[in-house]
Amino acid sequence: MKVASEHKQQNFNQQDSYTCELRKTLEQQFLQQIIDNSSDAIFVIDKYGNVLLSNSGTEKFMGCKAEELIGENVKELLKRGIYDCSPSMKAIKKRSIVSGNVTNRLGIQFMVTSNPLLDENGDIVMVITNARDKNLVDEYIAALEKERLTVNRYKNAVEYLSEVDLENKELVAESQQMRQIMKISNVIAKTDSTVMLIGETGTGKEIMARHIHRNSLRSKEPLIPVNCAAIPHELLESEFFGYVRGAFTGANPQGKPGLFEIADKGTLFLDEIAELPLAMQAKLLRVLESSEVQRLGDTTIYKSNVRFIAATNRDLKIMMRQKLFRSDLYYRLNVIPIDLPPLKERPEDIIAFAHKFLEELNRKYNLKKRFSIQATQAFLKYSWPGNVRELRNVIERLVITSANDTLNFDYDLECFPEINIAYQGTLKSVMKAVEEKYINQVLEECNGRVDEAARRLGVHRSLLYRKREVKST
């Protein structure tokens, strides 16, 4: 029995030994398969430079079969011109990781990293080297940079749009005129044609631009609204084109993308286009003609894929005759003109807007205000020189200041709110007070835009600036 037991134990030991050898063989095979299936070239040398292991990826790197490299010395490979330098030998010398570009005899560049392995005494045991085609690395870097630029573009678009007041940006089209305009806009929205929106201040040009973009093939990309009158002339070029790091004193040290870049693949809405100076008009024309954009201080030219929608409340043909607006830019922008009629010419929309604004304000302040019949009739009689913007301001004022739930509107008092106030003093002082109040009213209706207020008041903007300065002092 003892002999049988010993024999059985011996069989088990033999089986265990066989199993271990088989496992080692399989592990080596799998390891070799893993190494051979790596997209990188991998080879290992000892501390003397002799090649111990080489995978199939080294065939492109070395220009010879992997098995032929086993036992070769790196120094001999260099002498034969297999490649021009050896980061692995530098790693042995420096006893640290070495990376660099290596060119093989076929002229193909590889990015190579050699990592020395040390024993417990700090002696080099072997050096593991991996190499990858530099062209592939460059493609990866380019793809990552493209992805980074896309992310940054959307980030900039979000930051830019976060500063835009998006309240009350819905179209109202109860009148026959606006219904016809909506029908046309829905057709042109599906194209990439440039649109020119023409209308008085407050007629809803930006809302129409948003409607066109929202129904376009670019709707998933950003719409960037730009008020050309609000950007200081000296900053126009840097805002539109952007700049690279160190382009000028005071610039963002990281550089900045321009509006053309931020709006790429989307829509750029150029409000108050008539306010662009002639020099900037020429630069905008070049972008429209060539679709090329170049940041300030940069040598790279980018292709811009932007749909343009422009808007103005001025007569650009008169400005062309006065040499204030370029005719070539006008014809580039005026591909599809859309005239937005003033509010006084579409009474159905007056009532629709009034109820829309009242509903929004009731919801906002948890109120139950309603219009009287007198108010509705007065809305239709009033000329609304400030158009939709003025209408909303009036209704908000009525909602907030009225003590009753029923709202009345006296358009005579709205036009001349101080008519029932008894002024005192000299005629000059009374005229000055009336002038100051009217200027403030117009500035409020123009949202503080001096150029627009000056046009409505019929004075030069420099005079309006001086009057404001006198008031502040």
Give a yes or no on this: more than 12 heavy atoms of other residues, nucleotides or ligands lie within 6.0 Å of atom NZ of K190.
yes
Taking only distance into account, with no hydrogens and no angle test, what donor-acceptor pairs under 3.5 Å do side-chain atoms of residues 269-280 form with protein atoms, sequence neighbours excluded?
from	atom 1	to	atom 2	distance (Å)
E272	OE2	R449	NH1	3.3
E275	OE2	R314	NH1	3.3
E275	OE2	R455	NH1	2.9

Does NZ belonging to K303 count more than 12 external heavy atoms closer than 6.0 Å?
yes
Atom CE in M320, atom OG in S327: separation rounded to 0.5 Å?
6.5 Å
Decide yes or no for M196 and T312: does some side-chain heavy atom of the first lie under 4.5 Å from some side-chain heavy atom of the second?
yes
Nearest-0.5 Å distance that lies between atom CD1 in I301 and atom OG in S291
12.5 Å
F240 vs L284 side-chain heavy atoms within contact, under 4.5 Å
no
All N/O donor-acceptor pairs, side-chain side in residues 107-116, below 3.5 Å, sequence neighbours left out:
from	atom 1	to	atom 2	distance (Å)
T113	OG1	S99	OG	3.0
S114	OG	S88	N	3.1
S114	OG	T129	OG1	2.8

Check for a donor-acceptor pair, side chain of N121 on one end and backbone N or O of D123 on the other, with a separation under 3.5 Å.
no
Any donor and acceptor pair, going by atom type alone, linking the side chain of K205 with main-chain N or O of G199 inside 3.5 Å?
yes
Donor-acceptor contact below 3.5 Å, side chain N104 vs main chain L106
yes
From CZ (F353) to CD1 (I395), nearest 0.5 Å
10.5 Å
Do the side chains of D315 and K317 get close enough for a salt bridge, i.e. N-O under 4.0 angstrom?
no
Between R295 and F241, is there a side-chain heavy-atom distance shorter than 4.5 Å?
no
Which atom pair, heavy atoms only, marks the closest approach of D40 to N55?
O-ND2, 3.0 Å
Test item: N130 side-chain N/O and I42 main-chain N/O as donor-acceptor pair under 3.5 Å:
no
Measure the shortest side-chain to side-chain distance between V399 and L367 over non-hydrogen atoms and say whether it is less than 4.5 angstrom.
yes
Pairing donors with acceptors under 3.5 angstrom, does anything connect the side chains of D349 and S175?
yes
Is a donor on one side and an acceptor on the other found under 3.5 Å between the side chain of N186 and the backbone of M182?
yes
I need the L340 CG to L197 CG distance, nearest 0.5 Å.
6.0 Å
Does V127 form a side-chain contact (heavy atoms from CB on, under 4.5 Å) with L117? I'd like the steps, not just the answer.
CA-CA 6 Å; V127 178; L117 299 183; over 6 Å; no
Does R346 come within less than 4.0 Å of E174, counting only side-chain N to carboxylate O?
no
How close do C85 and N101 get, heavy atom to heavy atom, and via which atoms?
SG-O, 3.8 Å
Does D192 pair with R218 as a salt bridge, N-O distance under 4.0 Å?
yes
Could you tell me whether the side chain of V293 reaches within less than 4.5 Å of the side chain of V287, counting heavy atoms only?
yes
Validation row: N215, H211 side chains within 4.5 angstrom (heavy atoms):
yes
Gap between atom NZ of K183 and atom CD1 of I188 - 0.5 Å precision:
14.0 Å
Is it the case that the side chain of E237 and the backbone of L296 share a donor-acceptor pair, with hydrogens and angles ignored and the cut-off at 3.5 Å?
no
What's the spacing between E221 CD and N305 CG if we round to 0.5 Å?
9.0 Å
Would you call R307 and T194 a side-chain contact if the rule is heavy atoms closer than 4.5 Å?
no
When you measure from the centre of the six-membered ring of F357, is the NZ or CZ of R392 closer than 6.0 Å and no more than 45° off the axis?
yes
Any salt bridge linking K364 with E360? Criterion: basic side-chain nitrogen under 4.0 Å from a carboxylate oxygen.
no
Does a donor on one side chain and an acceptor on the other come within less than 3.5 Å for N313 and E200?
no
In sequence, state the C-alpha distance, the side-chain angles, and the governing distance for V195 and I212, and then conclude on side-chain contact (heavy atoms from CB on, under 4.5 Å).
CA-CA 9 Å; V195 180; I212 292 172; 4.2 Å; yes
In terms of relative ring orientation, are F308 and F260 parallel, tilted or perpendicular, with 30° and 60° separating the classes?
perpendicular
